[in-house]
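Read through the structure below, which is laid out as structure tokens, and then see the notes.
Quick note on labels: first sequence line is chain A, next is B, and so on, each numbered from 1. Keep in mind it's a predicted model, so treat the numbers as computed, not measured.
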Amino acid sequence: MDDAELDELATDFIRSAVVDDVKSGRFDRRVRTRFPPEPNGYLHIGHAKALSIDAGIAYDFGGKFNLRFDDTNPVKEEEEYVEKIVDDVRWLGWDFGDTVLFGSDYFEQMYEWAEQLIEQGQAYVDDLSPEEIREYRGTLTESGKNSPYRDRSAPENLDLFRRMRAGEFPEASRVLRAKIDMASPNLNLRDPVMYRILHEPHHRQGDTWCIYPMYDWAHGLEDAIERVTHSLCDLGYRDHRPLYDWFLDQLGIYHPRQIEFARLFMTYTVLSKRKLLQLVEGGYVAGWDDPRMPTLAGMRRRGYTAEAINGFCAGIGVSTANSVVDVAFLEHSVRDDLNTRVPRVMSILDPVKIVIDDYPEDKVEWMEVSNHPQRPEMGTREVPFSREIYIERDDFMEDPPRKYYRLAPGREVRLMNAYLVTYKDVVRDHNGAIVEIHCTHDPDSRGGQAPDGRKVRGTLHWVSVPHALDAEVRLYDRLFMQEDPEDVAEGHTFFESLNPASLEVRTGCKVESSLQDAEPGYRCQFMRIGYFCVDPDTDRAHLIFNRTIELRDTWAKIQKKLSR
RNA sequence: UGGGGCGUGGCCAAGUGGUAAGGCAACGGACUUUGAAUCCGUCAAUCGCACGUUCGAAUCGUGCCGCCCCAGCCA
């Protein structure tokens, strides 16, 4: 890549920094990034943003991208999560080569470097209790004070540290600390803990270790071992950067550059692993992959595409300002992607029967219907039409308001790709509820075109009664009712912001017969309603669709205005 | 009240001394066999506030205000 090509890649402040480093040869013109999840939960849309930056930069610069688990705390981490995370990263389409990396694989090297620091007199074994360490650390406004164990000799520290590793001491009895500055205004530099004793088996290392490295100590070393050039993380680590740099400098080893960016926040959503876990464990949702969850697994099940999510991430930009992205932008990204790629189909969520009195009783016509009116290359299919069809219950009104131009007494409407039909009368049950609407049709309007060119404003979707397939449809809505779910009164929790109507299960929906063999994951647009996909719970006897997202609904807006 | 960050339209976000990009949302209108999509148009005399420097400031200086993060043997 020459300089002119590089300049074009400088589209945000991080890429600009990378461009500078490539130009100056700081890392031999290499670019290598990494995504370092801790395997203690599922990935969510916030991780998709981080991935889009980490992996996206490696991709744009023709560099390498590492997927590396930051698994330094055996008590919080589980194997199940690593599989799910790997799966999600692949699904999003990011290429991390053929190896999944683990920070824990570097434990031995880290240990050797710790001994080096001890020998250099820059790390010591501290016997203070956790409570004492906290007291000695001082506060935001008062400086800390030195531990009485701070000046142990290097040989003594080495001996103690080796015995820590050998398992001679109980948990919490001792730690290894870096000897930096207990008076630093940056609390992270007040002799941070490097190793703690944990008599816990590790998900990959088994019982090999009983001392485990802390994040600040481990992270830069992992980056250095992997020859990462740019270690990108969220703003929360800004204050840790001096420490990241300090360890690498004292060791005198390869030194990547850490750059921080703002995490993603989104309206009507919570994005913290802790809270997501609470939703799962409290049974507020059906699991990590519940379609209402902001997890990648949930969104995938909901019908969101990787392209939509990546497009969203690219669209929100990268900056260092804390911001809350409007969930409407995510929804826009999803509709935008689905609109161009997904076939159209007719399905009725709330059916009411129409009988076309002047249409022969046994006749069936197979109408040729485009799979995507704007994209003829997606082909056509044959859809059966007969005397009795279902339409949407709210596509008929006996006493319609202004601007309603669907079926009503005295009206003629178009049945999409079929015929123009005119209202005749209605049949009710003893409670007065409508059970059938009777119409007549214009036999010369086959295909839906008026032979005389008369204007017909309303166009309805429909499904032939004898051919219709029964389906369950799960209508999902936002999980939370408030823009900021955490904005609750004192003593209350975000659970109270939960939307009680976030899931509505409809049974007895009538879908087009072409959906007969649709496989789980199949996406389509139910015309005039929204985008849907087949849920994995589907089986031969039971078709189940998830509503991914509604179509924009201008009529709903007009109605709202009319009612005011 | 220590330290580190951040403040550009309802929401993101460009802009780095030469007179406020773009997207989302919203609102009009055109088109329409999806009230979808598409298309066209409207939407910041002003960049947290106040002084100052300059021919000229969102961009530089000073002061103030507001918001976020840090006191795990979590990451």
Side-chain angles (χ1 to χ4, degrees), chain A residues 11-12 36-38 40 70-73 75-77 126 128-130 133-135 137-144 171-177 184-190 192-198 211-212 214-216 218-219 233-242 260 262 266-267 273 312 315-333 335-336 339-340 344 346 369-370 372-374 403-406 413-418 420 447-450 456-461 483 525-530 550-559:
Chain A
T11 51
D12 59 62
E38 184 186 16
N40 67 347
D70 218 342
D71 54 349
T72 57
N73 186 351
V75 318
K76 291 172 59 188
E77 295 150 10
D126 196 350
L128 252 27
S129 69
I133 287 183
R134 195 189 328 122
E135 286 162 21
R137 185 154 33 227
T139 67
L140 294 178
T141 51
E142 301 159 44
S143 93
E171 286 187 13
S173 60
R174 286 179 228 262
V175 290
L176 182 72
R177 292 231 251 170
S184 172
N186 181 346
L187 294 297
N188 297 121
L189 263 20
R190 321 246 258 228
V193 173
M194 295 165 60
Y195 279 94
R196 74 286 215 181
I197 299 171
L198 252 25
I211 56 171
Y212 291 92
M214 298 286 290
Y215 169 87
D216 284 310
H219 203 82
C233 58
D234 77 66
L235 253 26
Y237 295 100
R238 181 58 248 259
D239 293 342
H240 295 247
R241 192 163 79 207
E260 313 83 14
M266 205 161 61
T267 56
K273 282 191 196 169
F312 165 77
I316 56 178
V318 189
S319 77
T320 53
N322 287 320
S323 57
V324 184
V325 175
D326 192 339
V327 73
F329 185 61
L330 207 215
E331 296 171 344
H332 158 79
S333 306
R335 287 194 188 98
D336 195 41
N339 176 43
T340 59
R344 267 105 243 238
M346 292 192 287
V369 175
S370 172
H372 190 132
Q374 279 81 41
K403 293 186 177 174
Y404 182 89
Y405 49 80
R406 279 114 100 145
V413 297
R414 172 167 31 243
L415 295 175
M416 209 180 269
N417 296 296
L420 261 24
Q449 196 69 251
V456 176
R457 192 79 196 274
T459 301
L460 313 185
H461 57 103
E483 228 182 84
Q525 184 198 85
F526 287 179
M527 289 188 103
R528 302 210 304 132
I529 302 177
E550 294 167 277
L551 249 32
R552 284 190 59 200
D553 191 351
T554 305
W555 170 238
K557 271 183 206 167
I558 295 172
Q559 275 179 305

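- Protein atom CG of D336(A) is 15 Å distant from nucleotide atom P of rA36(B), rounded to whole Å.
- Counting distance only, with no hydrogens placed and no angle test, the side-chain atoms of D553(A) and the base atoms of rG35(B) include no donor-acceptor pair under 3.5 Å.
- Note on N339(A): only backbone sugar-phosphate atoms sit closer than 4.0 angstrom, heavy atoms only; bases stay farther off.
- Contacts of Y405(A) with the nucleic acid, taken as non-hydrogen atoms under 4.0 Å apart, include base atoms.
- The shortest distance between side-chain heavy atoms of W555(A) and Q559(A) falls below 4.5 Å.
- Side-chain to base pairing of Q374(A) with rA36(B): one donor and one acceptor N or O lie within less than 3.5 Å of each other.
- Residue-nucleotide stacking is present for W555(A) and rG35(B), judged by a side-chain ring centre under 5.5 Å from the six-membered base ring centre and planes under 30° apart.
- Counting non-hydrogen atoms under 4.0 angstrom, R414(A) reaches a base of the nucleic acid.
- Here rG72(B) presents its C1' atom at 9 Å from NZ of K76(A), a figure rounded to the nearest Å.
- Under the 30°/60° scheme for interplanar angles, the aromatic rings of H332(A) and F329(A) are found to lie parallel.
- At least one donor-acceptor pair closer than 3.5 Å links the side chain of R190(A) to the backbone N or O of R137(A).
- Between M527(A) and L140(A), the residue anchored closer to the 5' end of RNA chain B is L140(A), taking for each the nucleotide with the nearest heavy atom.
- Distance alone, capped at 3.5 Å, is enough to place a donor-acceptor pair between the E77(A) side chain and the N73(A) backbone.
- A donor-acceptor pair is defined here as one N or O able to donate and one able to accept, closer than 3.5 Å; such a pair exists between the side chain of R414(A) and the backbone of V456(A).
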Identify each atom pair where a protein N or O and an N or O of nucleotides 11-14 of chain B are less than 3.5 Å apart, giving names and distance.
unit_1	atom_1	unit_2	atom_2	d
rC11(B)	O3'	V324(A)	O	3.2
rC11(B)	O2'	V324(A)	O	2.9
rC11(B)	O2'	D326(A)	N	3.3
rC12(B)	OP1	V324(A)	N	3.1
rC12(B)	O5'	V324(A)	O	3.3
rC12(B)	O3'	S323(A)	OG	3.4
rC12(B)	O2'	I316(A)	O	2.8
rA13(B)	OP1	S319(A)	OG	2.6
rA14(B)	OP1	V318(A)	O	3.3

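- Side-chain contact between H219(A) and H240(A) is absent, with no heavy atoms from C-beta onward closer than 4.5 Å.
- Within the 4.0 angstrom heavy-atom criterion, base atoms lie near Y215(A).
- For rA36(B), one of the phosphate oxygens OP1 or OP2 lies less than 4.0 angstrom from a side-chain nitrogen or oxygen of T554(A).
- rG4(B) atom C1' lies 16 Å from atom OH of Y237(A), rounded to whole Å.
- Using a 4.0 Å heavy-atom criterion, one finds that V193(A) contacts the sugar-phosphate atoms exclusively.
- Distance CG (L187(A)) to C1' (rC73(B)): 16 Å, rounded to an integer number of Å.
- N186(A) contributes a side-chain N or O that, together with a main-chain N or O of D239(A), makes up a donor-acceptor pair within less than 3.5 Å.
- When side chains are defined from C-beta on, P37(A) does not count as touching K273(A), because their heavy atoms never get closer than 4.5 Å.
- Scanning atom types as modelled, no donor and acceptor separated by under 3.5 angstrom connect the side chain of R457(A) and the base of rG35(B).
- Using atom P as the reference point in both rU32(B) and rU16(B), the two lie 45 Å apart (nearest Å).
- Taking only side-chain nitrogens and oxygens, K557(A) comes nearer than 4.0 Å to OP1 or OP2 of rA26(B).
- Within the structure, every side-chain polar atom (N or O) of R528(A) is placed at least 4.0 Å from both OP1 and OP2 of rA36(B).
- In this structure, R552(A) does not reach the rG35(B) phosphate: none of its side-chain N or O atoms is under 4.0 Å from OP1 or OP2.
- L128(A) comes within 4.0 angstrom of a nucleotide base, judged by non-hydrogen atoms across all strands.
- Rounded to whole angstrom, the span from the CG atom of N188(A) across to the C1' atom of rG5(B) amounts to 14 Å.
- In this structure, I529(A) and H461(A) have side chains that are in contact, with non-hydrogen atoms separated by less than 4.5 Å.
- Contacts of E142(A) with the nucleic acid, taken as non-hydrogen atoms under 4.0 Å apart, are absent.
- Residue-level contact check: H461(A) touches neither bases nor backbone, having no heavy atom under 4.0 Å from any strand.
- As judged by a 4.0 angstrom heavy-atom cut-off over every strand, I529(A) is placed among residues making no nucleic acid contact.
- Residues I133(A) and R177(A) have side chains in contact (heavy-atom distance under 4.5 Å, counting atoms from C-beta outward).
- No engagement by S333(A) is indicated, since no non-hydrogen atom pair under 4.0 Å with the nucleic acid exists.
- Using a 4.0 Å heavy-atom distance criterion, Q525(A) is classed as a base contact.
- Of the side-chain N and O atoms in R241(A), none sit less than 4.0 angstrom from OP1 or OP2 of rG5(B).
- Looking at R335(A), its side chain does come within 3.5 Å of a backbone N or O of E550(A) through a donor-acceptor pair.
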RNA chain B base-pair string [pairs: Watson-Crick or G-U under 3.5 Å; |: paired with another strand]: .(((((((.[[[..)..(...]]].(((((.......))))).....[[[[[..)....]]]]])))))).....
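- At the heavy-atom level, R406(A) lies under 4.0 Å from base atoms of the strands shown.
- Position along RNA chain B of the nearest nucleotide to R196(A) versus L415(A) favours L415(A) as the more 5'-ward residue.
- Here the C1' atom of nucleotide rG22(B) and the CZ atom of F312(A) are 17 Å apart, to the nearest Å.
- Here R344(A) lies in heavy-atom contact (under 4.0 Å) with a base.
- Using a 4.0 Å heavy-atom criterion, one finds that M346(A) contacts no nucleic acid atom at all.
- Side chains of L235(A) and N322(A) form a contact here, defined as non-hydrogen atoms less than 4.5 Å apart.
- For rG72(B), one of the phosphate oxygens OP1 or OP2 lies less than 4.0 angstrom from a side-chain nitrogen or oxygen of R137(A).
- Annotation: side chain of N188(A) is not in contact with side chain of P242(A) (no heavy-atom distance under 4.5 Å).
- Distances from the side chain of R238(A) to the nucleotides rA25(B), rG4(B), rG35(B) place rG4(B) closest.
- Considering only the side chain of F329(A), rG23(B) comes nearest among rG35(B), rU34(B), rG23(B).
- Taking atom CG on D234(A) and atom P on rC6(B), their separation rounds to 15 Å, with Å as the unit.
- A straight line from CD of E135(A) to P of rC73(B) spans 13 Å, rounded to a whole angstrom.
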